[in-house]
Amino acid sequence: MIIDVLTELILNAVNAAHLAGEFPLEEMPTAVKLEKPADKAHGDYSSNIALILKKSTGLKDSRDIASRIIKHLPTDGSVIDRIEVAGPGFMNLYLKPDWLHNILLRIWAEDANYGMATNRIGDRVLIEFVSANPTGPISVVNGRAAALGDVLGNLLASQGAVVEREFYINDALNSLQLEKFAASVALRYLQELGHPLSVPSSNPEEADILEPGGADVVLQPQLSFPKDGYRGEYVRDIARAIIAEVGNRFAYPLALEPESMAYFREATLKSMVAAQREALQAFGLQYNNWFYESSLYESGSVDKTIRHLRDREMAYEQEGALWLRSSAFGDEKDRVLVRSNEKATYVAADAAYHDNKFSRGFNHLINIWGADHHGYVARLKAGVAALGYDVSRLEIVLTQMVSLVRDGEAVIGGKRKGNVIELQQDLVDEVGKDAARFYFLLNSYETPATVDVELARRQSMDNPVYYVQYAHARLCSILAKAETAGFALKSPADVNLSVLTHPAELEVLRKLADYPAEIKIAADTYSPHRLTRYARDMASLLNVFYENCRVLSGKEEEVPAEITIARISLADGARRVLRNLLTMLGVSAPEKM
RNA sequence: GCGCCCGUAGCUCAGUGGAUAGAGCGCUUGCCUCCGGAGCAAGAGGCCGUUGGUUCGAAUCCAACCGGGCGUACCA
């Protein structure tokens with residue numbers, strides 16, 4: 001990458017200047033910082049090395065240091081055209097135009113691999129994200145983690161890591177939530193068969209509502225829905241699906257008998273997981289694994305982990321419960337592993353789960369959690385450390401909260417209240433996967449967000465994703481038109497690129513040259529939102545290019561063939577990079593819109 | 001109370017310790033007989049929450065304070 005080349009040149013120059021007696025040097029700087037100046041009048045790249053060396057050299061004037069370094073920098077090579085000292089002592093580097101043009105050769109050669117790197121080869125990463133409880137559909141608030149996790153996976157893979165995506169299903173048998181959920185389904189089932197059902201209003205002030213049975217017949221007795229039951233419409237859908245499958249086999253009172261619960265629990269779980277999977281697929285997300293918490297109990301992993309912790313003397317008994325010595329690992333207090341009723345807590349299950357993740361050969365675990373779970377970070381890490389793992393290999397990314405708003409009013413969403421705003425039904429089905437994904441990737445996950453679905457739908461045409469896709473489609477259109485006009489696409493190596501001198505052309509080339517560095521930074525800082533920003537910038541530069549630089553001759557403007565051919569190369573390079581970028585984001589790159 | 005996160009343009013948000021703090025939306029004014037106007041150009045709009053500190057240099061790092069969110073279970 002160009003930055004590495006320049007960095008090495010500068011370090012060598014500093015060393016050469018020192019050896020030539022230009023200045024004393026207490027220690028060699030290890031990292032030279034090169035940046036792209038915001039103002040292009042400050043060169044293609046800019047180095048602050050002279051400012052940094054002020055202390056180490058004992059010289060007072062950074063501008064003087066800079067000029068002493070410059071004396072030892074080669075400007076006759078193929079990279080640096082000229083160097084200027086500016087401001088308090090910045091060294092502004094101007095690259096040879098050749099270098100910029102040659103980016104097109106590299107893009108041509110690497111094509112879909114342009115932007116890929118190898119610095120994470122050997123990393124085996126497991127990203128676990130969304131992992132919504134199987135008691136309701138995937139909500140729009142899950143959209144942020146879904147988009148983040150998926151694109152983060154793409155980013156790490158682009159840097160050479162082997163990445164797997166995993167969804168953890170909290171289906172533990174001692175989960176009371178699942179019992180209540182299954183019971184809610186059973187009651188809706190009976191209602192569908194014809195029993196009237198009295199349902200508590202979601203407003204505790206109001207009286208219960210008596211709903212008729214769903215069938216033509218009216219069966220007795222009349223039943224009542226629990227106060228803390230799950231009220232969502234999707235519960236009724238599951239009940240209908242069960243009727244489609246088994247009919248009235250669980251007719252009253254069988255559905256409410258404890259021995260039927262196992263069936264309802266299993267059926268609801270199966271149907272909920274299928275629905276979640278479908279919703280995430282519609283969002284463009286394909287998991288490698290759907291991991292069942294229950295499998296940890298069934299395989300004995302949880303017991304094994306607890307035994308393991310006891311053997312390592314990381315657990316002790318007190319007041320009838322088994323406690324993890326988490327406070328020894330930075331947690332504020334010790335946590336219960338096994339309750340006095342002998343049931344294991346999720347702390348034990350989570351420790352077993354992460355033990356399992358490591359045992360599958362992953363050396364880097366990433367969990368994406370909502371900020372409301374930040375209190376659990378310390379205890380999970382304590383559990384992992386107590387098992388003897390290096391906790392730095394477990395990384396927990398906390399996304400800030402997504403709150404829902406409808407026309408300016410806060411929506412207190414909830415599965416029990418039954419007003420879940422669904423990712424698939426209420427957003428993806430309305431605006432499409434591309435717009436929905438782009439929407440969630442616009443901002444940093446570290447910023448709290450509010451989502452107004454009504455607004456998002458109404459403004460979907462304003463979504464910047466179309467601006468970017470449009471730029472891509474326009475490139476494709478021009479390239480197709482060029483071909484019919486007799487300008488077949490050819491390798492940029494066979495094109496005289498030096499005629500690309502218009503500022504709009506050079507701006508596009510610079511942006512294309514930045515792409516690999518941009519991907520690397522986005523991967524290193526877990527910042528997919530940098531990509532959507534880059535995409536918008538890229539599209540904007542392309543629009544300026546279209547405006548100022550005609551590729552093909554038109555009625556009013558004749559374009560010399562040599563320039564047309566060079567601009568075709570530029571358009572094709574931009575097309576490839578834009579396509580790579582959109583692919584990274586999981587967004588389609590249409591040739592027509 | 002304690003812990004974590006967030007305060008940047010009217011709104012939603014970018015901003016790897018660097019030079020004159022940016023974008024989108026909204027607002028004002030221009031530009032369609034030409035490769036896709038889902039576009040382009042120009043303009044108005046800021047004590048970067050406050051006060052100290054570190055630094056050649058702070059929106060960025062540190063401290064305190066002021067606002068807002070979240071968390072502080074033998075629930076997940």
Side-chain angles (χ1 to χ4, degrees), chain A residues 33 35-39 41-42 46 48 50-52 54-55 60-62 86-90 92 131 133 135 170 172 174-178 293 318-323 332-333 335-347 349-350 370-378 398-401 403 442-444 446-450 452 455 459 461-471 473-482 485 517 521 524-525 527 529-530 532-533 536-537 539-540 542-544 546-557 559 564 567-568 571 592-593:
Chain A
K33 213 173 122 201
E35 31 185 55
K36 295 167 293 172
D39 186 342
H42 294 147
S46 165
N48 64 348
L51 293 155
I52 303 287
K54 205 166 169 179
K55 203 165 255 174
K60 288 200 177 115
D61 184 0
S62 291
F90 291 106
N92 294 338
S131 299
N133 282 344
T135 52
N170 290 101
N174 58 2
S175 159
L176 292 173
Q177 286 181 34
L178 274 187
E293 181 185 9
Q318 191 182 318
E319 293 161 9
L322 185 71
W323 296 72
E332 358 178 274
K333 54 189 248 186
R335 306 289 174 180
V336 171
L337 277 172
V338 182
R339 301 179 187 106
S340 44
N341 66 7
E342 297 190 352
K343 284 190 172 180
T345 64
Y346 71 94
V347 176
D350 276 349
D372 53 339
H373 286 70
H374 80 253
Y376 311 114
V377 173
L398 296 176
T399 68
Q400 287 307 304
M401 304 308 290
S403 49
L442 245 19
N443 305 132
S444 159
E446 289 173 292
T447 303
T450 52
D452 187 328
L455 199 66
Q459 295 182 341
M461 289 314 279
D462 294 334
N463 192 310
V465 75
Y466 299 112
Y467 182 72
V468 177
Q469 289 180 320
Y470 179 72
R474 216 170 165 185
L475 284 169
C476 293
S477 166
I478 289 176
L479 288 166
K481 199 153 280 186
I521 294 172
D524 289 347
T525 59
S527 307
H529 72 280
R530 294 184 67 110
T532 51
R533 180 157 291 267
R536 292 151 76 183
D537 292 346
S540 172
L542 284 168
N543 280 322
V544 176
Y546 298 134
E547 205 70 17
N548 292 285
C549 308
R550 285 193 62 90
V551 174
L552 299 165
S553 293
K555 287 177 200 159
E556 295 181 9
E557 192 183 339
V559 182
T564 290
R567 285 179 177 164
I568 288 170
K592 283 182 187 154
M593 291 178 73

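Chain naming here is simple, since letters A, B, ... match the order of the sequence lines and numbering starts at 1 in each.
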Q. Are any of A/Tyr467's side-chain N or O atoms less than 4.0 Å away from OP1 or OP2 of B/C40?
A. yes

Q: Check whether any side-chain nitrogen or oxygen of A/Thr447 sits under 4.0 Å from OP1 or OP2 of B/A14, and answer yes or no.
A: yes

Q. Quick one: is B/C35 close enough that its OP1 or OP2 comes under 4.0 Å of any side-chain N or O from A/Lys555?
A. no

Q: With heavy atoms under 4.0 Å as the rule, sort A/His373 into base, sugar-phosphate or nothing.
A: base

Q: Search all heavy atoms of A/Pro88 against all heavy atoms of A/Leu51 and return the closest pair with its distance.
A: O-CD2, 3.6 Å

Q | side-chain N/O A/Asn543 vs B/C40 OP1/OP2, d < 4.0 Å | A | yes

Q: Select base, sugar-phosphate, or nothing to describe what A/Ala449 touches, counting heavy atoms under 4.0 Å on all strands.
A: sugar-phosphate

Q: Return no unless some side-chain N or O of A/His42 is found under 4.0 Å from OP1 or OP2 of B/G18.
A: no

Q) What interatomic distance, in whole Å, is found between C1' of B/C6 and the corresponding atom of B/A59? A) 14 Å

Q) What do you reckon, do A/Phe90 and the base of B/A19 stack, with centroid distance below 5.5 Å and planes below 30°? A) yes

(Q) Does A/Ala371 reach a base, just sugar-phosphate, or nothing at all? Heavy atoms under 4.0 Å. (A) sugar-phosphate

Q) Considering only the P atoms, how many Å lie between B/G68 and B/A23, rounded to the nearest integer? A) 32 Å

Q | Sugar-phosphate only, base, or nothing, as touched by A/Ser403 at under 4.0 Å among non-hydrogen atoms | A | nothing

Q.
Does any part of the side chain of A/Arg567, heavy atoms only, come nearer than 4.5 Å to the side chain of A/Thr564, both counted from C-beta?
A. no

